[in-house]
Amino acid sequence: MTTWMQELPIDDRVDALLLEMTLAEKVGQLNQPANVSPGPDRDALAAGRIGSSLYASGALGGNVRDEGLSIRAIEQCQRIAVEESRLGIPVLFGRDVIHGHRTVFPIPLGLAAAWDAELVERLCDVAGAEAVREGVAWTFAPMVDISEEPRWGRVAEGFGESPALSGRLGMAAVTGFQRHIGATAKHFVGYGLAAGGRDYESVQVGENTLRNLHLRTFKAAVDAGVLSVMASFNDIDGTPMHANRRLIREVLKQEWGFDGVVVADWSGIGQLVDHGVAADARDAARQGLLAGVDLDMASGVYLAHLESLVGDGEVPPDLLDDAVRRVLRMKFRLGLFDDPYPRTTADPIGPTAATRALAREAAVASMVLVANDGVLPLSDEVESLHLTGPFVDEGEALLGTWVLDGRGADVSSPLVAFTELLGDRLTHTDGRFSDLAAHRTRAAAVTVALLGEHPSRSGEANSVADLGLPAGQLEALKQLCGLGKPVVAVVFGGRPLDLAEVLRVASAVVVAWHPGTEAGPALADVLFGRREPSGRLPMTFPRSTGHVPSSVHARATSRVLDFTRDAWDGRYLDALTQPQLPFGHGLSYTTFRHGEPVASASEVPLGGQVEVRVPVTNTGERAGRELVQLYLHDPVAEVTRPKLELLDWQWLDLAPGETGTAVFTIGTDAFGYFGRDLTWRVDQGLVRLITGHDATASAAVEVRIVAAEADE
Ligand code: NOJ
């Protein structure tokens, strides 16, 4: 492209380029094969037939490591595209950089437990900075799917069940990544509602629920400027998302004005044939393009058929041009035309001391203390400690699902971290219940049992029918706990598990997710009280597998169920209905008392704001952090609304005896919702603002929304 063009606005440069392109070159821009390499793909690159490529270990890349990126191969491919193709359009290289690149942070569900958008932004910034140096220009993250289905393995990859929390963390991730590389909000949309929690299953959901819950996080990502959105594998009420013109073209692109790229999920367009809605690959390509899916990941059907579809008049040329424009626009936005090659430097990419410190901070913040009879925090002077369980000496397994470039060898394991601290006061066993494990438990002042899921039991295509611990673990724990010595259970995993029995037998329970590169030191920090545990659950932990779906945003029903009462008045004959551990739950090493919320006014005009203040006192003997959560209950609306909807939250750092005040400023738009006609509305009338420690909170203040003040 001639230099004078560099001065033009991006859309003018895109238009100028488009004018020069042949139909074949346009179609090439919409083609994204996996793992291109300079040898076999030389001709296609030089002919402008490969607009983008993703580097992945395969269709289920989240659970299969690969050999890592070859900066040299990426650079060579780019040179062919830029120097040998007719128009010199650079290739857009993508990779799943999900919760870190070389430095691995906790899985997204764990990050959500930190309830800290600024932290997410910082670590996505690090991940983007590491990835861009290896030639990655674009990641397929954040996943902002909302799910109330812990059987679904992919809850590990998202920020939990609340649209408010997930939306805000998603925006932070977009901002952090996009300082270096493009981000993708995925999977659009409803994927978390897969029937039975079985990955890829059909979804039944009405547009009202989509708008009030599932689309909200995508809208937030679009508002944050996300450069791309990925279509999801599921169908909604019979229409696969890769053919869903209504939601992609009409809602996302037209209604929201999204001008970035809609990328298919892996072979998602070609798989319209497997869904049984397309007769063949050509028909699938036609439907995908008409629906508004711009870039064909891995199925090759656009490359094979779009030229003839346009030639035969089955795909309007202006729709093709629109898709090409979006891909080119993204390349310009990423600066690829001016700076197409990997930004390699001599310094090691990571983990470095600084990124390890951030990984440790994030892992500490993600851990949730869910029960404690007083055994925690452990004393540095503890006489003896027995560390047991399948994760004692693990590195790789503590990184979590979706780690392509992090390495197990970089992980500080619990054994290493605890040995550093305790030396020969530490004994360990591998987790099978054995005479040795019993002997060491009896001999030790305290035992720490590291239990839970291996990452290969979470993530894509890893759904489970039973939320219990993997076979044998609970039995071993019970045996240990029966020996009369305190046992702390640390549960790793990618989903809410059924912890009923663990909570019954263990002295303390910590939910540690998959913590990443600094797993061991972070766990030691929390258990030994060098850092206060402050994680709060971003998903409800149901009482049993039979209780799912179970979430904070259950809608009001005809016969009222008192969610907060611990009584047999629920929906099951054979079990309590309340969650085992509610959304938002998490303990500290100190205690807090929440006072009553006070509103700045009892009436707020539409468009105005109300301030709610909540005093909170640290009633214990240690300094600590409390998360004050603010929920909305709207007693009368046009559609049934959640009994509780998280609106906002605030951290308070309090010294022993200190009282602090959480101050929430809420605009009346926060009380809005999509009504029966699917338009956004904010009603006049009463709303209840509920504050407290978790989703069982009941302290409330009522505010009446009244007509807007007339302009003077
Ligand atoms: C399939 C997954 O569903 C998606 O999340 C991922 O980004 C792509 N594969 C690419 O690896």
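Atoms within a ligand are numbered from 1 in the order they appear, just like the ligands themselves. Please read these numbers as outputs of a predicted model, since none were measured by experiment. Each residue takes its place number in the sequence, starting with 1.
- For the pair Asp265 and ligand 1, the shortest N or O to N or O distance falls below 3.5 Å.
- A parallel orientation is assigned to the rings of Phe332 and Phe337, their planes being inclined by less than 30° (bins at 30° and 60°).
- Within the 4.5 Å cutoff, the side chain of Leu69 has heavy atoms near those of the His101 side chain.
- Here is the list of ligand 1 atoms found below 4.0 Å of a heavy atom in Lys186: 4 (C), 5 (O), 6 (C), 7 (O).
- With sequence neighbours left out, Arg198 forms a side chain to side chain donor-acceptor pair (under 3.5 Å) with Glu201.
- Here is the list of ligand 1 atoms found below 4.0 Å of a heavy atom in Trp402: 6 (C), 11 (O).
- Contacts with ligand 1 closer than 4.0 Å are made by side-chain heavy atoms of Glu460 only, the backbone lying farther away.
- Under a 4.0 Å criterion applied to the non-hydrogen atoms of Phe233, ligand 1 contributes the atoms 3 (O).
- In this structure, Phe218 has its ring center at least 6.0 angstrom away from the ring center of Trp256.
- Listed by atom number, the atoms of ligand 1 under 4.0 Å from Leu54 heavy atoms are 10 (C), 11 (O).
- For atom 7 (O) of ligand 1, the nearest protein heavy atom (residue, atom name, distance) is Asp96 OD1, 2.6 Å.
- Using a 30° and 60° split on the angle between ring planes, Trp115 and Phe583 fall in the tilted class, from 30° to 60°.
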